[in-house]
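Below is one structure, written out as structure tokens; comments come after it.
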Amino acid sequence: GEEVLSEDEEEPDMWEESYGGHSDSKPNGPTAVAMDFTFTGLDNVYGIPQHADTFSLKDTSTTDPYRLYNLDVFEYELWNPMALYASIPFMMGHSAKGSVGLFWLNAAEGFIDIKKDGQGLLGSVSSMFSAKTEKQVDTFWMFESGIMDMFIMMGPTPKDISRQYGSLTGNTPLPQEFAIAYHQCRWNYNDQEDVNMVEAKFDEHDIPMDVMWLDIEHTDGKKYFTWDSRKFPDSVAMIENLSSHGRKLVTIVDPHIKKDSGYWVHNDLSSKGLYVKNQDGGDYEGWCWPGASYYPDFLNAEARDYFAEQYKLSVYKGSTLDCYTWNDMNEPSVFNGPEVTMAKDKMHGEVEHRDMHNMYGMLYTMATHKGHLIRSENTLRPFVLTRSAYAGSQRYAAIWTGDNTAEWGHLEASIPMCLSLSIAGMGFCGADIGGFFGNPDGELFVRWYQAAAFQPFFRSHAHIDTKRREPWLYSAGEMALIRTAVRSRYALLPLWYTLFYEQEQDGTPPMRPLWYEFPEDEGSYAKEGSHMVGSSLLVAPVLTKGSTQVNVYFPGSTLWYDIWSHQKLDVSGSMNYAAPYEKIPVFQRGGTIIPRRERVRRSAALMHDDPITLVVAPDKEGKASGTLYLDDGKSFAYQQGAKLYMQFTWDNGKMESKMISPPGMSTPVWLERVLVLGSAPPPGQVATVSSPLLTSSAQASYDYTTQVLTVRRPGVKLDMEWTIRV
């Protein structure tokens, strides 16, 4: 008869698989772990980023499943389930009855199939004998390896799901103020003179900007933590010039380490045995930007600690505390690897790469985040941008949507991509303005700035082969529109900063789907192309070429106010709304109060102590409320109570400010104006202002055309409670 191998007699390579010039030894043989999950009583599920697809996940019965496998994808395609740079195995289902969350803690390659015909297999069978069963979405999850380690969040509201998921994986920590302002980047700014010129041009053209970025060409031969001394002979002076205007620098630090006997990082990691290994125990060598490269084993805490030490100013010479970090290519990208990544049978100690592939990028950002803390002696909040992410990455880094393209479809896709990341914990997200690849025309560039100004991470970036695209290189009219868009972001920085603080407290992302705020509005569940900023702003960008109007869906049955004209709208459902070239439709929700700073300066730091304007948008009962958060904008002192967190309320002519938490600091910030939208004329032209220190009066005026009541210079400081009566 045939010879049968016993288990201990198996051939060493009997499971090896070869494909495309690569091989996978599969030492444990072919493995998989899978499970079905049915979401009953609903039609829509969301999440499992990262995919360039619609926000409401599609039925995959006739397509490939959604794939979770972090990859460096060149010019990714739109509207399909292909794998991209991040993988977060978290899905949220929602209906008018409530929300539910599902998280499978597994960092191996995964596939998720979705069936959305309203009935599962059992329902199809039972319907032959009885009335139609309840609608449902069937999902099938399969990972190549790992264990059954699932968490189900019962909500019942979307905000409850975010809080519950945050308690598992962590919330996004409050960033420094500069990080939520505008960032200017390209691959690459040529040299020190180029950086200084671009920075000066922003001031010349009165466009605010907080951060200049340098890509891989700033290094000495693609050796990270170094500078090309010919291009950047005095990087410290360059950074200090930025710092003198309240600005920062970000430099790129990728995980691949150049094979170079003259490079201390390579020598140290090699001698300490801290590289990822081949099956035979030798260091794994791949190919990336520097050429031959090695990859640190970030699963090993010693490797993470070594990388963290490299950020010390005594080691990363030429950097300062105003120089922050961009971690790119951390899927990891391996140019000569299978699917441009690391082979699955490489070893992290006793752990195969296949078992933890999707968390490699997160482990890398953990090291960078720790390095920022070490170098500032735990005084300054880190800022790290990552391309690759996994569940929990939000604790260490912001994220962007990767190498997009200068096409209208990619502008459109930026919204569902950021919403999917936001509900899966990665609330600090954005997309490259204008598209990384290609050359956007003026209209696309303007419309992209207008949309991106209302997304959490606000950065322009471009490929080395594209034309230069600083705003002043477009027509004077287009540059003016870009300036207006950027300045609109800066005016709303107090709102954004408050939202980021609240995100750290309860997990609620700053950028939200409509149904997150209007959970019972069934018409919003599958709506694409618009989103909320916090609970107060509805944003509906122009996403198609030549459009001068947008079909806006207004959820709920509340009032809305155009933030540009202050026009009051009592509307529910879909409505075509004018969107001339100079603006996109943005509406403040009735019942909200938003804080603004109207004195827009060259950087966020220079606006830090400027006064606040409060914009009150009353609901149908004449009431409104909102919050404001203030601290020093950069340190961890707020965690010891050095902060101000207050709630404003408006009730038919009476406005109050109450502290939500005990005031832990003083501030020079004062209240400059109160605007009450859609108001009736006041009984007089004087408002009474009361605070613990004094009672005074302020001028009240009314614009009959716009129906806006303005209280000018109430004069109260925002570190105390007060009341204004009109």
Side-chain angles (χ1 to χ4, degrees), residues 177 487-488 490-499 501-502 534 536-537 561 563 566 588 591-601 604-618 622-633 638 642-679 682 684-703 706 708-726:
E177 271 181 326
R487 290 172 68 88
S488 73
Y490 278 73
L492 286 171
L493 285 179
L495 171 64
W496 281 103
Y497 196 62
T498 301
L499 291 172
Y501 172 74
E502 292 170 345
S536 54
L537 294 180
Y561 299 81
I563 71 162
H566 298 149
Q588 185 173 346
T592 65
I593 299 173
I594 61 172
R596 297 172 56 92
R597 280 194 169 105
E598 301 292 1
R599 304 180 188 184
V600 175
R601 304 182 192 274
L606 302 183
M607 298 170 61
H608 178 77
D609 292 333
D610 280 352
I612 293 289
T613 290
L614 295 175
V615 183
V616 180
K623 299 179 180 181
S625 65
T627 55
L628 174 65
Y629 174 79
L630 300 171
D631 63 16
D632 66 13
Y638 76 99
K643 63 185 179 184
L644 296 167
Y645 185 36
M646 64 206 77
Q647 181 173 46
F648 307 112
T649 57
W650 171 267
D651 187 350
N652 294 287
K654 178 184 177 183
M655 187 166 197
E656 286 189 288
S657 174
K658 297 286 186 184
M659 293 294 169
I660 298 173
S661 56
M665 60 178 244
S666 60
T667 180
V669 179
W670 56 284
L671 182 61
E672 184 171 38
R673 284 191 307 170
V674 176
L675 302 180
V676 184
L677 310 184
S679 169
Q685 295 185 333
V686 176
T688 303
V689 183
S690 305
S691 73
L693 297 183
L694 76 155
T695 299
S696 61
S697 61
Q699 178 191 357
S701 61
Y702 185 74
D703 187 319
T706 60
V708 175
L709 166 66
T710 302
V711 179
R712 301 183 190 281
R713 302 179 70 85
V716 287
K717 288 181 63 186
L718 294 182
D719 52 9
M720 62 184 66
E721 297 182 340
W722 44 263
T723 303
I724 299 174
R725 289 181 173 85
V726 181

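What you see below is based on every heavy atom in this structure, not just the backbone, and it leaves out hydrogens, waters and symmetry mates.
For the pair Leu644/Thr667, a side-chain contact is recorded, criterion being any heavy-atom separation below 4.5 Å from C-beta on. Asp610 has its side chain out of reach of Val669: every pair of non-hydrogen atoms, C-beta onward, lies at least 4.5 Å apart.
Using cut-offs of 30° and 60° on the angle between ring planes, the pair Tyr501 and Tyr629 is parallel.
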Subject >> Trace of the salt bridge (charged side-chain N to carboxylate O under 4.0 Å, His left out) decision for Glu672 with Arg599 >> reply: CA-CA 11 Å; Glu672 184 171 38; Arg599 304 180 188 184; 2.6 Å; yes
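Of the N and O atoms on the side chains of Gln685 and Tyr702, not one donor lies less than 3.5 Å from an acceptor on the other residue. Between the side chains of Glu502 and Thr627, at least one donor N or O lies within less than 3.5 Å of an accepting N or O.
Under the rule for a side chain to side chain contact (heavy atoms under 4.5 Å, CB included), the partners of Thr706 that lie at least two apart in sequence or sit in another chain are Asp703, Val708. With sequence neighbours left out, Ser536 forms a side chain to side chain donor-acceptor pair (under 3.5 Å) with no residue at all.
Heavy-atom contacts from other residues, nucleotides or ligands closer than 6.0 Å to CZ of Arg713 number 12 or fewer.
Not one N or O on the side chain of Tyr497 forms a donor-acceptor pair closer than 3.5 Å with the backbone of Asp631. Remark: side-chain polar atoms of Tyr645 are not paired, donor with acceptor, to backbone N or O of Pro662 under 3.5 angstrom.
Each ring pair (Phe, Tyr, Trp, His ring centres under 6.0 Å) pair with one or both residues in residues 647-679, not counting sequence neighbours, appears once here: Phe648-Trp722.
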